[in-house]
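Taking it in order: structure first as structure tokens, then the write-up.
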Amino acid sequence: MEHNLDLRFQNRSAASALSADAGEPQEAARSLRALLVLDHLARAQHPPTLAQLAQRLDMPKTTLMRLLAAMQRAGFVAATPTENGYVPGPQSTALALATLRASAFTRACRAVLAQLAGKLGETCNLTAPDGDQVIYMERVETAEPLRLFFAVGSHVPMHCTASGKLFLASMNRLERGRVLARLPLTRNTPRTLTDPARLEDELERLAARGIGIDNEEFVRGMSAVAVPVRDAQDRVVAAVACHAPTARLMLDDLLRAVPVLQGAAQSMRAVLAEHRPGG
């Protein structure tokens, strides 16, 4: 998906790699079809349909349908409920995380977050969009005993988390409308915005400020602020976020730390550029 943390092959797609090797045996080319599908799904701005995938990958619909069904059963592909589209599934995310966990990229991300957590004294996260949810890519926990724990790879909702609202606010209105139309606006706390019009107004305000805010909307007694991490094309591809219990820090306290978070986001942007494939 287009907004995902940009860890994909950018200079040469799998499809072009196949076409460049005209002597590749047909059987070997067929064995790479699942990777081609995942590569395309990871890059797509919107979940493509079966017909769109078949056209873009130059693959027969019946063949592609069987392949998608098998990938869906294995968890590598997921179908969107309302638009008949496809997105990478949880197993794809798990595979990506397993690949990255011990990498230089992960160590560099943790170094940025550790420095930030040391300054703020609270848990700091690197998050990214994953379908219609937010995924924790990396995090450094506070040393305080009162804290909210989420393992790396965990997913949280878009509509009521600081990172999720940041990602929604960074979208253009058309794309945001499509996402909001299919999101389950579940009420997690009394402060959760579940009315689409009120949420849209909030997202417009956040877009103007360039941040994401969770004012006890996801977990009661917990607030958070997120700032964007942008790629070389100035697209929001990830977020650096900090959350804290209101018993220790109020939302206003976290808002005063936004310049510090933005400095960490700039450092994270440099990490992404340095570790970009082909970079």
Side-chain angles (χ1 to χ4, degrees), residues 5 97 100-101 104-130 133-158 160-170 188-189 191-192 202 205-231 236-275:
L5 190 61
L97 286 170
L100 291 171
R101 283 303 295 165
F105 171 82
T106 299
R107 291 193 295 273
C109 289
R110 285 191 62 82
V112 172
L113 293 178
Q115 186 176 32
L116 179 62
K119 291 178 180 178
L120 301 182
E122 300 294 343
T123 298
C124 296
N125 312 290
L126 175 65
T127 62
D130 189 26
Q133 295 181 298
V134 175
I135 185 170
Y136 285 95
M137 300 297 295
E138 196 52 76
R139 61 189 278 122
V140 171
E141 298 282 347
T142 179
E144 297 286 345
L146 178 59
R147 57 187 175 182
L148 180 67
F149 177 77
F150 284 101
V152 170
S154 297
H155 288 82
V156 294
M158 278 263 188
C160 58
T161 56
S163 293
K165 289 164 68 180
L166 172 68
F167 297 140
L168 289 169
S170 71
N188 290 279
T189 79
R191 291 179 179 265
T192 306
E202 165 82 345
R205 289 191 292 268
L206 292 176
R209 300 177 70 179
I211 61 175
I213 292 173
D214 168 8
N215 187 17
E216 298 187 68
E217 298 159 57
F218 180 41
V219 176
R220 191 181 302 207
M222 189 71 62
S223 59
V225 172
V227 300
V229 178
R230 299 179 181 273
D231 65 6
V236 177
V237 294
V240 169
C242 179
H243 64 244
T246 54
R248 207 159 49 235
L249 287 181
M250 301 298 291
L251 178 61
D252 285 346
D253 298 315
L254 288 176
L255 288 172
R256 282 192 285 271
V258 163
V260 180
L261 286 163
Q262 290 171 332
Q266 283 297 109
S267 298
M268 198 67 77
R269 178 176 183 166
V271 170
L272 298 187
E274 181 182 354
H275 293 273

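Position 1 is the first residue of the sequence; numbering continues from there.
- Nearest approach of A239 to L166, heavy atoms of both residues: CB-CD2, 3.6 Å.
- Residues passing the side-chain hydrogen bond (donor to acceptor under 3.5 Å, both in side chains) test with E202 are K165, R205, sequence neighbours excluded.
- In this structure, D130 contributes its side chain and Q133 its backbone to no donor-acceptor pair below 3.5 Å.
- Residues forming a side-chain hydrogen bond (donor to acceptor under 3.5 Å, both in side chains) with N125 (at least two apart in sequence, or on another chain): R139, H243.
- T123 meets the side-chain hydrogen bond (donor to acceptor under 3.5 Å, both in side chains) test with E141; sequence neighbours excluded.
- Residues satisfying the side-chain contact (heavy atoms from CB on, under 4.5 Å) criterion with R220, sequence neighbours excluded, are T189, P190, E216.
- Taking all atoms of both residues into account, the shortest heavy-atom contact from T142 to G121 is OG1-O, 2.9 Å.
- Residues E138 and R110 are paired through a salt bridge, judged by an N-O separation under 4.0 Å between the basic side chain and the carboxylate.
- Looking at every heavy atom in both residues, T161 comes nearest to V134 through OG1-CG2, 4.1 Å.
- Listed by chain and number, the residues in a side-chain contact (heavy atoms from CB on, under 4.5 Å) with V219 are L148, M222 (sequence neighbours excluded).
- Within 6.0 Å of CZ in R209 there are 12 or fewer heavy atoms belonging to other residues, nucleotides or ligands.
- Counting all heavy atoms, side chain and backbone alike, C109 lies closest to L126 at SG-CD2, 3.7 Å.
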Residues 254-271, side-chain donor-acceptor partners within the protein, below 3.5 Å, at least two apart:
| residue | atom | partner | partner atom | Å |
| --- | --- | --- | --- | --- |
| R256 | NH2 | D253 | OD1 | 2.5 |
| S267 | OG | G263 | O | 3.3 |
| R269 | NE | R230 | O | 3.4 |
| R269 | NH2 | D231 | O | 3.0 |

